[in-house]
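Ligands are counted one by one from 1 in listed order, and the atoms in each one are counted from 1 as well.
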Amino acid sequence: MRMLFQVGWTISVYLVLVACGTAPATDAGYRVVQAGSIQPGDTLSPPAGTVILTLTGKIGVTNIADRLEFDMETLEQIGLVEYTVDDPHLIETVTYQGVLLEPLLAVAQITPDATELQATAVDGYQTIIPLRVLEWPVMVATRRDGERMPLTAKGPLQIAFPYNTFEIDPIVHDPMWVWHLAALEVR
Ligand SMILES: Nc1nc2c(c(=O)[nH]1)N[C@H]1C(S)=C(S)[C@@H](COP(=O)(O)O)O[C@H]1N2
Ligand SMILES: [Mo]
């Protein structure tokens, strides 16, 4: 009886933590916020809303000419996860929510010989992101601390790395935290 009580208590505490969004990240380094409703192999309609992300290059799925364009709603349908991280540029601990790079590239059906992404931002910033980063749950963030990110807050999309859960060299990877992310060319 006492045992049952303790088990019940433990589960209750856990549920409260989950409800408050403070449950620890799993070993994977992230919590699932919303399972994806778009799967690899799905065809995608041309975006109905404002285009916020364009994929080109070595992709097997397109929805406009040779590009795969996403509006925010469709992008987030790939599935939402979150993790808390010390943002090296904001110099602040924040919780990013967004779409993992891995399922995003799987939905785009990138070709097996692809090795890197060239990321381009709204401000013209460009950087190369090698696909070896997929060993970590790198995300295209759509929210910071639960809020949409306007251009004035490095949004609307920003790449985030799980610095707090994995040993990731900041010298190499700090420049890959692309804010105002607009396009990914798969190469
Ligand atoms: N959109 C955009 N993202 C960007 C940059 C930028 O200029 N524009 N600078 C990159 C680089 S080189 C680094 S080191 C970090 C931090 O840039 P900062 O030192 O200018 O804040 O953000 C990266 N992401
Ligand atoms: Mo930099």
### Query
Counting N and O atoms only, with roles assigned by atom type, does the side chain of Asp145 sit under 3.5 Å from a partner on the main chain of Val94, one being a donor and the other an acceptor?
no

### Query
Can you check whether Gly155's main-chain N or O pairs, donor with acceptor, with His180's side chain at less than 3.5 Å?
yes

### Query
Which residue owns the protein heavy atom closest to atom 22 (O) of ligand 1, what's the atom, and how far is it?
Trp179 CZ3, 2.8 Å

### Message
Within the 4.5 Å heavy-atom criterion, are Pro47 and Phe70 side-chain neighbours or not?
### Response
no

### Message
Would you compute the distance between atom CD of Glu69 and atom CG of Leu75 and round it to the nearest 0.5 angstrom?
### Response
12.5 Å

### Message
Is atom 7 (O) of ligand 1 touching the protein, meaning some protein heavy atom lies under 4.0 Å away?
### Response
yes

### Message
So, regarding Asp123 and ligand 1 (criterion: nitrogen or oxygen to nitrogen or oxygen, under 3.5 Å), is there a contact or not?
### Response
yes

### Query
For atom 11 (C) of ligand 1, which protein heavy atom lies nearest, and how many Å away is it?
Tyr125 OH, 3.5 Å

### Query
For ligand 1, which atoms, with element, lie under 4.0 Å from some heavy atom of Trp177?
22 (O), 23 (C), 24 (N)

### Query
Which residue supplies the protein heavy atom nearest to atom 15 (C) of ligand 1, what is that atom called, and how far is it?
His89 CE1, 3.0 Å

### Summary
One finds that the ligand 1 atoms under 4.0 Å from a non-hydrogen atom of Ala121 are 1 (N)

### Query
Any ion pair linking Glu76 and Arg148 (charged N to carboxylate O, less than 4.0 Å)?
yes

### Message
With a 4.5 Å cut-off on side-chain heavy-atom distances among I, L, V, M, F, W and Y, is there a chain of contacts connecting Val172 to Trp177?
### Response
yes

